[in-house]
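One structure below.
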Protein chains: 2
Amino acid sequence: MDASSLPLDRILQGDCIEVMQSLPEKSVDLIFADPPYNLQLEGELWRPNQTRVDGVDDEWDHFTDFAEYDRFTRQWLTACRRVLKDTGTIWVIGTYHNIYRVGTILMDLDFWILNDIVWIKTNPMPNFRGVRFTNAHETLLWAQKIKGARYTFNYQAMKLLNDGKQMRSDWQLPRCVGKERIRVNGLKAHSTQKPEALLYRVILSSTRPGDVVLDPFFGSGTTGAVAKQTHRHWIGIERNPAYVAIAEARIAAVQPPPLHDSLASWENRRTRPRVSFLKLVEKGWLKPGQTLYFDSSARLTATITPEGVLQCNGLTGSIHQVGRELLHAPCNGWLHWYYLDEAAGEKRPIDELRERYLREISAAGT
Amino acid sequence: MDASSLPLDRILQGDCIEVMQSLPEKSVDLIFADPPYNLQLEGELWRPNQTRVDGVDDEWDHFTDFAEYDRFTRQWLTACRRVLKDTGTIWVIGTYHNIYRVGTILMDLDFWILNDIVWIKTNPMPNFRGVRFTNAHETLLWAQKIKGARYTFNYQAMKLLNDGKQMRSDWQLPRCVGKERIRVNGLKAHSTQKPEALLYRVILSSTRPGDVVLDPFFGSGTTGAVAKQTHRHWIGIERNPAYVAIAEARIAAVQPPPLHDSLASWENRRTRPRVSFLKLVEKGWLKPGQTLYFDSSARLTATITPEGVLQCNGLTGSIHQVGRELLHAPCNGWLHWYYLDEAAGEKRPIDELRERYLREISAAGT
DNA sequence: GCCGCGCTTGAATCACGCT
DNA sequence: GAGCGTGATTCAAGCGCGG
C-alpha cells in the first residue's frame, strides 16, 4: 500500500497495531490516541445516597500487570511512529493510572514532548468516600515525532479561542454529557466518550485544513466527527464492530460549516488584523444610541456611544470591559453582545459583523 | 542509628541518598521531594562518578541521559522508601521533563499512587515565541508506600480550605513571588523556590501534628518553614551549604501560631469514639421491646432486643445490618432509624441519642 | 412558557480499627 | 493477619415534571 492508497475518511475495523502496520508509512499528520487506562478498579462503589456507581469495567481495559500494559503501549506507539509523517505530532490522553507509563515510553521511543495539557473537568465525579482528592482532571501529552522538526501549531486560532490571550496548558471543559453523549436504549453507548470541545482544541491547534488525522482507538468516533466538522481528513481504527456502527452513523450526520468563516481555517496568520468595535460604527452597521443585548438577554442591555464604547447602568467601557463587569469574569465581548437586526426581526451576534468586516478588508487586499 | 536518634528539626548537609541511608528505617511519616530534572545543566548532581564519553552519537547519548536520570531517580526513591513508615506517603513535584519518568519508577517500586495533583499557576511565564501552549502548571504525585495501608488524609481540613466543597486535584496558586521570594543582593536565592501555600496543602492534607516530614531536596527550606508553622517535625537534606544557611535563617524566623485554633490541628468525625447501639439501651434511653421506625416510615419497623440488636421480619442484626437488608445497599443505621419520643409525641432520629451519649462521655473525660 | 425542585449520573485504582 | 462490626461520605449538569 502506498501513500496514495491511504483509506481516508473511513473506519477500519480491526486491531489497531495490525491495521497501522498495513498503512503506508509517513502518511498521517496527526494522531489522537485515547488508549485503555488500565484502571484496576476493585469492588463496588456506592454514593452516599445509597446508589451504585456504574464504573468502567470493560473487557478492553483489563491487563494482567504493568509489564503487559507497557508492552502493549510500546507496540501501538511504535506503529504510530511509523505511519506519522516526520513533521507529524501525536496526542495521547490518560489519567495517573497510565499516563506516566505512556509518557516514559513516548520519550524512550524518541518522541519529543511539546506540552503536557491538563483537561480540568468542570463537573467531575466527586470522591464519595472522602478518602482522597477529587480526581478532577485528565492529562494529554502532545509530542512530535522528531525533535526539532517543523510542526503545526495554530497559535492565533488558540489565542482567539482563549479571549485573546495565549492558550495555556490547562483547559477547563465539561465532561461529555447531555445531548452530546450518545445513548443506545437509554444507556451510554461508550463508557468513555470524550467531549467534542476537547478534540476541537486538539485538531484546531495542531493541524491545517486537509490534513490527515488518525485515531487508533476510535470508540464512538469523536475524533472523526470533529475532523469532518473542521475540514480535516480522518482515519479511525476500532476493534469493536458495535462501536464502528455507532461512529459511522454519528459522522455521517455531521454537516461541516463553510470553511472560510470558521476558526478551522485559521492557520498561523499572525497578521490577522484585530477589529476595533468602533470600525463597525464607522461602517454604519451599528449606530450611536443603538441598543446591544448581553447574551441575547432582554434585560441586560447597553447603549453604543459615538466613540464606540458601551454605556450600561452608569458604566462605560469597551464591549469586553462592560461584559466583564456583568459576568464578574473575563469576557470576550465579541462573543456575548447581540444587536437587533431589524430586517430579520431578530437578535444577531455582533461577532458576525466582525467577520463581515474581516472579509471586506481581506477582499480589498487581494 | 535507631528511631530514637532521628535528627528532628534540623538540616543535614550532604548527598540525599547517602544521608537517607544513614537514617533509621520506617521512621518518617511524609516525604516531600522536589528533585532536579534538567539533565544537561544539573547532571553532575546525580552522577558524580560518571564520565561522559566524547563522540557518541545522539541516540546513544540521549539514551544514556534517560538511563542515568532513571538510575538516579530509582536510587533516591528507594532510599525514601526505606525511611518511610509503612503507613507513610510521599509527594514528588515535577514537570513534563521528568514527572513521567518519576511516576513510572514510583509505580515500579511498588508505591501506590493516591492522586496526581496539578498546580495551576495563576501567573505563569508566557511562551514568548508563540510556538507551544503556555506552560502553566506543574504536577505533583501523591503515593503511599504500601497499597492498601492506612494513610493520613485530612479530608475535612481540605474541604474547609476549599469553601466547604471537597478539595479537587487542581490547585490554583500563584508562583512564589514578592516578599515570600528569598533574595540575596537582589537576586533570587534559589531558582525554583516553591510557594508556601503549596506546601501548606501538602503537609496539612497528609500529616497530623507531631508527624515527621522529610525533604531530601531541601533547597531554600520551604518544607521546613511550613512544617514548623503547622507544628510538624521536619528533616531537611541539602547538598549546597549556601542553601543550608539560607534555609536555617528562614526557618529560625518562623513563629508558629497556637495549634488549637488553626486548620493545622486535627479532628474529624472519623476519629471520634464509636458508639455501640447497646450503650443507648444500657443508659435506659431505649428499652428492650421498643419499636424503631426505618426512615421514619410507619410500616418498616423493628424491635429492640435486650442484646442491643434489632429484630425485623424474622431478621436479626445490628442497626446497620438490618438497614442494609431493607435498603439492599450499604447502610449507616444511625442515620436511618427513628424512635418515638413520647414526651414530644413525635419520631426522633436515634443519631440524636448517639450525639447525647458522645457529649456525656466527653464531659466526663474532662 | 418559565421557574424551581427532585432525580439521575459520571475513566474511580473510594474505610478502618478492634479482636 | 483475617474477619467482622461500626459507620463516614457527593458535585455539577441535564432532564423531567408540576405549578
Side-chain angles (χ1 to χ4, degrees), chain A residues 34-58 60-61 63 66 93-99 119 121-139 172 174-181 183 186-188 190-195 217 219, chain B residues 87 107 111-116 142-144 147-153 155-156 159 162-169 268-279 308-309 317-324 329-337 350-351 354:
Chain A
D34 183 10
Y37 287 6
N38 193 20
L39 231 38
Q40 305 174 71
L41 301 179
E42 295 171 0
E44 298 188 325
L45 179 62
W46 292 77
R47 299 186 185 83
N49 67 356
Q50 327 278 351
T51 59
R52 206 171 62 83
V53 175
D54 177 23
V56 174
D57 60 349
D58 300 84
W60 45 255
D61 197 37
F63 296 84
F66 287 146
I93 185 168
T95 60
Y96 67 85
H97 310 86
N98 72 324
I99 200 66
W119 166 30
K121 302 178 189 182
T122 56
N123 50 353
M125 191 169 96
N127 186 293
F128 294 117
R129 307 302 294 265
V131 292
R132 301 184 181 187
F133 298 98
T134 304
N135 214 344
H137 73 278
E138 298 194 18
T139 301
Q172 311 218 0
R175 282 183 300 112
C176 179
V177 290
K179 281 185 300 183
E180 188 185 328
R181 188 91 196 207
R183 292 177 187 277
L187 300 173
K188 48 189 174 183
H190 192 283
S191 58
T192 68
Q193 185 182 344
K194 295 291 175 289
F217 304 97
Chain B
T87 54
M107 295 167 96
F111 287 93
W112 187 251
I113 296 182
L114 294 167
N115 277 116
D116 61 348
W142 182 38
Q144 64 177 151
K147 174 185 176 181
R150 178 177 62 73
Y151 60 89
T152 298
F153 177 59
Y155 176 77
Q156 296 295 346
K159 195 169 171 178
N162 191 41
D163 254 7
K165 285 177 291 188
Q166 53 180 212
M167 185 72 82
R168 305 166 27 125
S169 58
N268 64 50
R269 286 178 72 87
R270 275 209 167 90
T271 54
R272 69 183 182 176
R274 294 179 177 205
V275 178
S276 161
F277 178 71
L278 179 58
K279 293 289 182 194
V309 298
S318 71
I319 53 173
H320 313 293
Q321 290 167 332
V322 175
R324 184 179 185 109
C331 172
N332 177 350
W334 290 114
L335 306 181
H336 289 270
W337 292 104
I350 62 171
D351 203 31
R354 177 172 63 154

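Residue numbers start from 1 in every chain, and the chains themselves are labelled A, B, ... in the order their sequence lines are given, proteins ahead of strands.
No engagement by Arg52(A) is indicated, since no non-hydrogen atom pair under 4.0 Å with the nucleic acid exists. At the heavy-atom level, Arg324(B) lies nowhere under 4.0 Å from the strands shown. Residue contacts shown for Tyr155(B) are limited to sugar-phosphate atoms, with no base heavy atom under 4.0 Å away. No engagement by Thr95(A) is indicated, since no non-hydrogen atom pair under 4.0 Å with the nucleic acid exists. Nucleic acid contact for Lys147(B): none, since no nucleic acid atom lies under 4.0 Å from a heavy atom of the residue. Residue contacts shown for Arg269(B) are limited to sugar-phosphate atoms, with no base heavy atom under 4.0 Å away. Across all strands shown, Pro124(A) has heavy atoms under 4.0 Å from base atoms, whether or not it also approaches the sugar-phosphate. Here Trp119(A) lies out of heavy-atom contact (under 4.0 Å) with every strand. At the heavy-atom level, Ile319(B) lies nowhere under 4.0 Å from the strands shown. Residue contacts for Trp112(B): at a heavy-atom cut-off of 4.0 Å it reaches a base atom on one of the strands shown. Residue contacts shown for Pro35(A) include a base, since a base heavy atom lies under 4.0 Å away. Base contact: Asp34(A) has a heavy atom under 4.0 Å from a base atom. Among the protein residues, Asn127(A) comes within range of the nucleic acid bases, having at least one heavy atom under 4.0 Å from a base atom. Heavy atoms of Gln156(B) sit under 4.0 angstrom from primed sugar atoms or phosphate atoms, though from no base atom.
Comparing dG7(D) with dC14(C), their P atoms sit 23 Å apart, to the nearest whole Å. Remark: the separation of the P atoms in dG16(D) and dG1(C) is 16 Å, to the nearest Å. Here, dT13(C) and dA12(D) have their C1' atoms 23 Å apart, quoted to the whole Å. Of the P atoms belonging to dG17(C) and dT9(D), the separation is 14 Å, rounded to the nearest Å. Comparing the C1' positions of dA11(C) and dC15(D) gives an interatomic distance of 23 Å, to the nearest angstrom.
Shown here, dC3(C) forms a base pair with dG18(D); the pair counts as Watson-Crick or G-U wobble because both key distances fall under 3.5 Å. In this structure, dA11(C) forms no base pair with any nucleotide, since neither Watson-Crick nor G-U wobble geometry is met with both distances under 3.5 Å. When Watson-Crick and G-U wobble pairs are counted only if both distances are under 3.5 Å, dT9(D) pairs with no nucleotide at all.
No donor-acceptor pair closer than 3.5 Å links the side chain of Thr139(A) to the backbone N or O of Thr95(A). Of the possible donor and acceptor atoms, one in the side chain of Asp61(A) sits under 3.5 Å from a partner among the backbone N and O of Leu39(A). In this structure a side-chain-to-backbone donor-acceptor pair under 3.5 Å is present from Tyr151(B) to Val131(A). Remark: side-chain polar atoms of Arg324(B) are not paired, donor with acceptor, to backbone N or O of Ala329(B) under 3.5 angstrom. No donor-acceptor distance shorter than 3.5 angstrom exists from the side chain of Arg354(B) to the backbone of Phe277(B), with no hydrogens or angles considered. Using a distance-only test at 3.5 Å, with no hydrogens or angles considered, no donor-acceptor pair links the side chain of Arg52(A) to the main chain of Leu45(A).
Classification of the Phe153(B)-Trp142(B) ring pair by plane angle, with boundaries at 30° and 60°, yields tilted.
The 5' end of DNA chain D is approached more closely, in terms of each residue's nearest nucleotide, by Gln321(B) than by the other of Trp46(A) and Gln321(B). Of the residues near DNA chain D, Phe128(A) and Gly178(A), the one whose nearest nucleotide (by heavy atom distance) lies more toward the 5' end is Phe128(A). Two residues, Val177(A) and Pro126(A), neighbour DNA chain C, and the one matched to the more 5' nucleotide by heavy-atom proximity is Val177(A).
Annotated as anti: dT9(D), whose O4'-C1'-N torsion sits more than 90° from 0.
Here the range on DNA chain D touched by chain A, meaning any atom under 4.0 Å from one of its heavy atoms, is dG7(D) to dC15(D). Between chain B and DNA chain C, the heavy-atom contact criterion of under 4.0 Å yields a 5' to 3' nucleotide range of dT13(C) to dG17(C).
For the pair Gln144(B)/Phe111(B), no side-chain contact is recorded, criterion being any heavy-atom separation below 4.5 Å from C-beta on.
Distance OG/Ser169(B) to CZ/Arg132(A): 12.0 Å, rounded to 0.5 Å.
Shortest non-hydrogen contact noted between Gln166(B) and Asn127(A) is OE1-N, 2.6 Å.
Contact check on Glu180(A) versus Lys188(A) returns no salt bridge, with no Lys/Arg side-chain nitrogen under 4.0 Å from an Asp/Glu carboxylate oxygen.
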